Engineer: 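Provided herewith is a single structure, encoded as structure tokens, for subsequent inquiry.
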Amino acid sequence: MVVSIMRSYGVLMNPFDKYETQNIALKGDLSILSVIHQPEEFPHREPQINTMVASLSGLIRGFSANNLLIYGKTGTGKTSVTKYVTGMLEEKVGDKVITCYVNCQTYDSPYSILVNLSKCIPGDSNIPPSGWTLDRIYDELVIKIKGSGKILILILDEIDKLVEKNGGDSLYVILKLMGEDTGAGGTIIGITNDSSFYERLDPRVKSRMSRESVMFSPYNAEELKDILYPRVTKVLNPESYDEAAISLCAAIGAREHGDARKAIDLMRISIEMAIRESSDKVSVSHVYKARDTLEIDVIRETVKTQPTHSKIVLLSVILSGERHPNSATTGEVSSLYADLCRDIGIQPLTSRRVSDYISELEDFGMINTTVKSLGRYGRTRYIKITGRENDIKRFILEDTELEPLKDIKGTRQFRLDENI
DNA sequence: ACTCCACAGGAAAATTGGGGTA
DNA sequence: TACCCCAATTTTCCTGTGGAGT
């Protein structure tokens with residue numbers, strides 16, 4: 001790089017010059033390339049938008065609309081498009097419509113959803129975060145909704161989480177509230193990435209949830225490029241990026257089940273990377289580096305948000321793996337976990353719970369497990385960390401509660417050994 | 001063919017903790 | 001303050017199971 005500058009100017013330069021001359025000039029705010037950014041256009045999503053608009057069109061004439069189910073993998077634009085469509089509807093009909101967006105991963109009990117719903121409706125909202133009976137909140141809400149005289153649209157993002165949790169009871173309560181028989185009325189837009197969601201519903205819930213659905217198919221690499229280009233050109237001048245970098249972001253996003261979010265994040269981090277390195281343009285190598293940091297960020301976030309016990313279980317998996325590569329079993333992890341808990345003076349959970357934590361960690365993609373039968377020696381899960389164990393360990397030990405464990409090694413003698 | 005290990009994982013009971021009411 | 005209600009979490013109890021050893 002420096003060599004090329006020397007060539008072009010024909011002089012030896014001050015080493016600081018490169019920081020002065022080569023920064024990529026940002027045309028626009030980099031947040032255009034972030035998840036928070038709500039775009040005004042949705043390439044390759046016209047059919048979905050049209051279906052949704054048609055489905056909700058009754059509302060502009062004052063009729064109620066059917067409930068709507070939206071399917072699609074992460075990063076296929078479900079949430080953005082839904083917010084866009086409801087936003088447009090609000091623009092059209094003014095404050096006759098209230099939209100309430102609830103992410104069911106965060107708010108997964110009927111209680112918390114109802115509380116959120118209540119907050120969306122204008123008027124006093126003095127429902128405490130817990131304590132009231134569901135019936136009481138329910139009645140209060142019905143009165144509130146009726147009183148407001150508005151049409152309610154409830155967007156339930158990751159609606160499948162409601163069903164997993166308690167067999168659809170939460171969903172039933174909400175459907176009942178939004179149903180016409182209470183007089184409250186309203187439309188529910190459910191968003192899910194689980195294509196079998198509808199099939200798994202309880203019959204009484206099924207009957208209330210109409211079958212009207214919109215599919216968001218994964219983006220392919222070409223489509224992702226069409227999504228990236230308008231955003232990138234708002235941020236960068238043409239001379240500040242390699243076309244190949246965009247193609248690579250699109251390709252990686254496409255490989256990750258057509259994930260636009262991933263592609264966009266990747267592009268943003270690549271740009272940040274290039275700026276930090278004071279390169280003159282964003283290139284493929286920045287994208288590769290960005291992919292790496294992105295991966296680590298995801299891991300850090302996942303680890304950080306785990307409850308303490310889950311972190312200790314994860315640490316036990318890593319330490320077991322260090323002792324016996326490829327052969328950490330549930331039993332081994334459990335007793336190691338119990339030891340670690342005692343080391344730092346907290347009451348260990350039962351192995352049944354640890355077993356559940358192991359399953360949860362697998363869902364998070366932190367570990368892989370395979371059930372194996374060893375005949376006479378029982379049946380157990382073999383547990384393996386999916387990779388980057390050193391990073392994971394580091395993130396686990398960032399928890400101040402677990403600091404006393406920072407020097408622990410897999411080779412340490414554990415009480416487990418005494419029983420063998 | 002039968003036993004029996006070391007769990008998996010479902011169901012139900014028990015505990016915990018926020019909040020209300022008398 | 002004592003006690004009740006409720007939801008969420010955890011424990012307890014349980015049945016099921018693939019295959020090495022006998």
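Being a predicted model, the structure only gives us computed values, none of them experimental. Letters A, B, ... mirror the listed sequences (proteins, then strands); counts begin at 1.
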Engineer: Distance-only, no hydrogens or angles: does the A/Ser57 side chain make a donor-acceptor pair with backbone N or O of A/Ala54 under 3.5 Å?
Structural biologist: yes
Engineer: Output the rounded distance in Å from CD (A/Glu332) to P (B/dA6).
Structural biologist: 13 Å
Engineer: Report the residues that fulfil ring pair (Phe, Tyr, Trp, His ring centres under 6.0 Å) with A/Phe42, sequence neighbours left out, ordered by chain and then residue number.
Structural biologist: A/Tyr84
Engineer: Is the backbone of A/Lys262 close enough, under 3.5 Å, to the side chain of A/Asp259 for a donor and an acceptor to pair up by distance?
Structural biologist: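 Yes; judged by distance alone, with no hydrogens or angles, the pair exists.
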Engineer: When you check the phosphate oxygens OP1 and OP2 of B/dA6, does a side-chain N or O of A/Thr330 lie under 4.0 Å from one of them?
Structural biologist: no
Engineer: Does A/Arg352 put a side-chain nitrogen or oxygen below 4.0 Å from OP1 or OP2 of C/dC14?
Structural biologist: no
Engineer: Could you check how far CD of A/Glu360 sits from C1' of C/dA8, rounded to whole Å?
Structural biologist: 13 Å
Engineer: Rounding to an integer number of Å, can you tell me how far A/Arg353 CZ sits from B/dA11 C1'?
Structural biologist: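 Between C1' of B/dA11 and CZ of A/Arg353: 15 Å.
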Engineer: Do A/Tyr219 and A/Arg45 have side-chain N/O donor and acceptor atoms under 3.5 Å apart?
Structural biologist: yes
Engineer: Under a 3.5 Å distance rule, please check whether A/Ser278 uses its side chain to pair with a backbone N or O of A/Ala274 as donor and acceptor.
Structural biologist: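 The answer is no, because no donor-acceptor pair under 3.5 Å joins these two groups.
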Engineer: When you look at NZ of A/Lys234, are more than 12 heavy atoms from neighbouring residues, nucleotides or ligands closer to it than 6.0 Å?
Structural biologist: yes
Engineer: Nearest whole Å is fine: how far is B/dA6 P from A/Tyr382 OH?
Structural biologist: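 Value for this atom pair: 12 Å.
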Engineer: Rounded to the Å, how far apart are A/Lys372 NZ and C/dA20 C1'?
Structural biologist: 15 Å
Engineer: From OH of A/Tyr337 over to P of B/dC7, roughly how many Å is that when rounded to an integer?
Structural biologist: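 Nearest whole value for this atom pair: 16 Å.
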Engineer: Does CD belonging to A/Gln38 count more than 12 external heavy atoms closer than 6.0 Å?
Structural biologist: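 Counting neighbours around CD of A/Gln38, more than 12 heavy atoms of other residues, nucleotides or ligands fall under 6.0 Å, so yes.
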Engineer: Can you establish whether the number of heavy atoms outside A/Tyr288 located under 6.0 Å from its atom OH is more than 12?
Structural biologist: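 No, OH of A/Tyr288 has 12 or fewer neighbouring heavy atoms, counting only those of other groups under 6.0 Å.
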Engineer: A/Thr380 side chain N/O closer than 4.0 Å to the phosphate oxygens (OP1, OP2) of B/dA6?
Structural biologist: no
Engineer: Within the side chain of A/Glu212, is there an N or O that forms a donor-acceptor pair under 3.5 Å with the backbone of A/Asn66?
Structural biologist: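 No.
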Engineer: Below 3.5 Å between N/O atoms, which protein atoms pair up with nucleotides 16-18 of chain C? Just atom names and distances, please.
Structural biologist:
residue : atom : partner  : partner atom : Å
C/dT17  : O2   : A/Arg379 : NE           : 3.3
C/dG18  : N2   : A/Ser373 : OG           : 3.4
C/dG18  : N2   : A/Gly375 : O            : 2.9
C/dG18  : N3   : A/Ser373 : OG           : 2.7

Engineer: Of all the nucleotides listed (C/dT10, B/dG9, C/dT12), which has the minimum atom distance to the side chain of A/Thr350?
Structural biologist: C/dT12
Engineer: Find the bend of the helix from B/dA1-C/dT22 to B/dA22-C/dT1 as the angle between its two terminal axes (five pairs each), to the nearest 10°.
Structural biologist: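 For the helix from B/dA1-C/dT22 to B/dA22-C/dT1, the axes at opposite ends meet at about 30°.
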Engineer: Would you kindly give the CD-to-C1' distance between A/Gln347 and B/dT16, to the nearest whole Å?
Structural biologist: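 Taking atom C1' of B/dT16 as the reference, CD of A/Gln347 is at 14 Å.
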Engineer: Quick one: A/Ile383 CD1 to B/dA6 P, roughly how many Å, whole number?
Structural biologist: 16 Å
